[in-house]
Amino acid sequence: MNLHTQPASWPLAGISHETFLQRHWQRKPLLLRQAIPAFKSLLSRTELFDLACDDTVESRLIRRQTSGQWDLQRGPFSRRSLPALRQPDWTLLVQGVDLLDDAVAALLARFRFIPDARLDDVMISWASDGGGVGPHVDAYDVFLLQAEGRRRWRIGPVRAPRFLPDQPLKLLADFVPDTDHLLEPGDMLYLPPGWGHDGVAIGPCMTYSIGFRAPPAEELLQQLLWKLAENLESGPRYSDRGQIDTFAARTPARLPRTMVDFLQAAFARLKPGRREFEAVLGELLTEPKQQVWFDPSTQTVAQLARACAHCGLRLDRRSRMLYASASVLINGERLASPLGRSSLLRRLADQRQLSAQDWTDATPLERAVLVEWCEQGWAHPFTARQAKHELN
Ligand code: SIN
Ligand code: CO
């Protein structure tokens with residue numbers, strides 16, 4: 001799929017990306033009838049259930065019991081442990097399907113009018129009649145694409161959320177929806193973070209949630225501080241030689257001032273400049289999720305280089321790549337100068353592919369890093385057939 005040949009409104013049912021971003025994004029919900037006309041699910045129910053049985057995949061089974069109590073179980077599941085299809089009020093949710101399936105990754109790529117740094121994943125749910133996850137809010141911008149069957153979405157703003165006690169899910173206690181939409185296959189509903197929603201399957205149905213993280217600052221900061229501390233060049237080891245006075249024997253529980261001074265000085269060294277800060281943030285945002293493993297290539301360096309020279313290359317669907325003013329970040333790793341400023345690598349990050357001509361124009365250093373990524377399975381040379389399809 002070549003993103004650059006798609007109309008500017010794709011997949012927003014004729015609304016331009018610009019209008020959508022100005023009027024709706026992070027402001028208010030938008031229902032898009034036939035956002036993807038004649039959309040057919042990219043995975044069958046059986047394929048989705050198979051994923052939920054895989055121990056490298058994150059999945060959940062949620063049931064609403066007749067008592068009103070909710071039940072949550074986490075995968076992997078065995079096929080026999082899933083409820084019967086005709087049993088109402090249950091749903092199976094599979095996370096990160098874009099990492100597992102090229103067609104779903106291509107669907108996610110349709111949403112790259114939003115920066116990659118915001119992309120989270122595609123979750124796919126299958127629900128029996130009446131199934132859903134209950135009224136809730138998400139810390140995400142989300143596009144809810146109806147893939148099969150029908151789902152009724154009731155949505156509304158939530159000012160001061162209160163949650164039901166003693167439930168395994170964070171469910172809104174007094175959700176008052178103000179809008180009701182019935183979605184058919186190909187319809188899509190956009191919701192900003194914090195917007196209340198409750199989707200109930202009208203007959204069996206499948207829904208794709210294309211999510212964009214909108215984390216609170218403290219969540220990112222926690223991880224950022226951790227990374228900054230990791231990157232801190234090893235400084236002096238703590239020493240209190242000549243610093244412990246004779247009072248310590250009487251007050252051994254007292255926190256020594258020397259130790260506080262020592263750590264406070266180390267903490268001051270943590271404070272990064274702008275470039276370091278953006279590089280660390282990029283490392284963090286490109287870090288592969290826990291369940292992601294790359295398959296190293298079985299080809300030799302010479303074979304990989306030859307294949308790239310003939311047909312170009314593409315990033316693996318699981319690779320995350322960003323760039324900042326002076327660095328290129330890929331799968332949690334940083335390339336600093338001179339590769340950190342390479343326009344070729346920036347183009348690879350934006351287009352997720354390079355042509356044979358790009359390869360010819362690349363410097364030896366750029367080629368060396370590209371081949372290294374192919375060896376690691378972070379990128380792959382195109383086959384002749386793919387190159388014809390993707391790059392023409
Ligand atoms: C679902 O697919 O049932 C849940 C999607 C959501 O509400 O975020
Ligand atoms: Co939700």
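For ligands, and for the atoms within them, numbers begin at 1 and follow the listed sequence. Since this is a predicted model, take the numbers as computed values, not measurements.
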Under a single-linkage rule joining Ile, Leu, Val, Met, Phe, Trp and Tyr whose side-chain heavy atoms are separated by less than 4.5 Å, which residues share a cluster with Phe262? Tyr238, Met259, Leu263
Tell me the protein heavy atom at minimum distance from atom 2 (O) of ligand 1, and give that distance in Å. Ser125 OG, 2.7 Å
Can you get from Val176 to Val137 by hopping between Ile, Leu, Val, Met, Phe, Trp and Tyr side chains that sit under 4.5 Å apart? no
For Asp138, the N, O or S atom at the shortest distance from the Co ion (ligand 2) is OD2
Taking the non-hydrogen atoms of Ser209, is any one of them nearer than 4.0 angstrom to ligand 1? yes
Element-labelled atoms of ligand 1 that are located less than 4.0 Å from some non-hydrogen atom of His197: 6 (C), 7 (O), 8 (O)
Considering only the protein, which heavy-atom contact is closest to atom 8 (O) of ligand 1, and what is its distance? Asp138 OD2, 3.3 Å
With a 4.0 Å cut-off on heavy atoms, is Trp126 touching ligand 1? no
Relative to ligand 1, is Val142 under 4.0 angstrom through side chain, backbone, both or neither, heavy atoms considered? neither
Going by an N to O cut-off under 4.0 Å, is there a salt bridge joining Asp350 and Arg112? no
For the ring pair Phe212 and Tyr140, is the centre-to-centre distance below 6.0 Å? no
side-chain hydrogen bond (donor to acceptor under 3.5 Å, both in side chains) partners of Arg275, counting only residues at least two apart: none
Under 30°, 30 to 60°, or over 60°: which ring-plane class applies to Phe113 and Phe20, parallel, tilted or perpendicular? perpendicular
For Trp153, which part has a heavy atom under 4.0 Å from ligand 1: side chain, backbone, both, or neither? side chain
Hey, which of Arg269, Arg334, Lys227 is the one that makes salt bridge (Lys or Arg N to Asp or Glu O under 4.0 Å) with Glu276? Arg334
How does Arg151 reach ligand 1, by side chain, by backbone, by both or by neither, if only non-hydrogen atoms under 4.0 Å count? side chain
Taking atom 7 (O) of ligand 1 as the reference point, the nearest protein heavy atom with its distance: His136 CE1, 2.9 Å
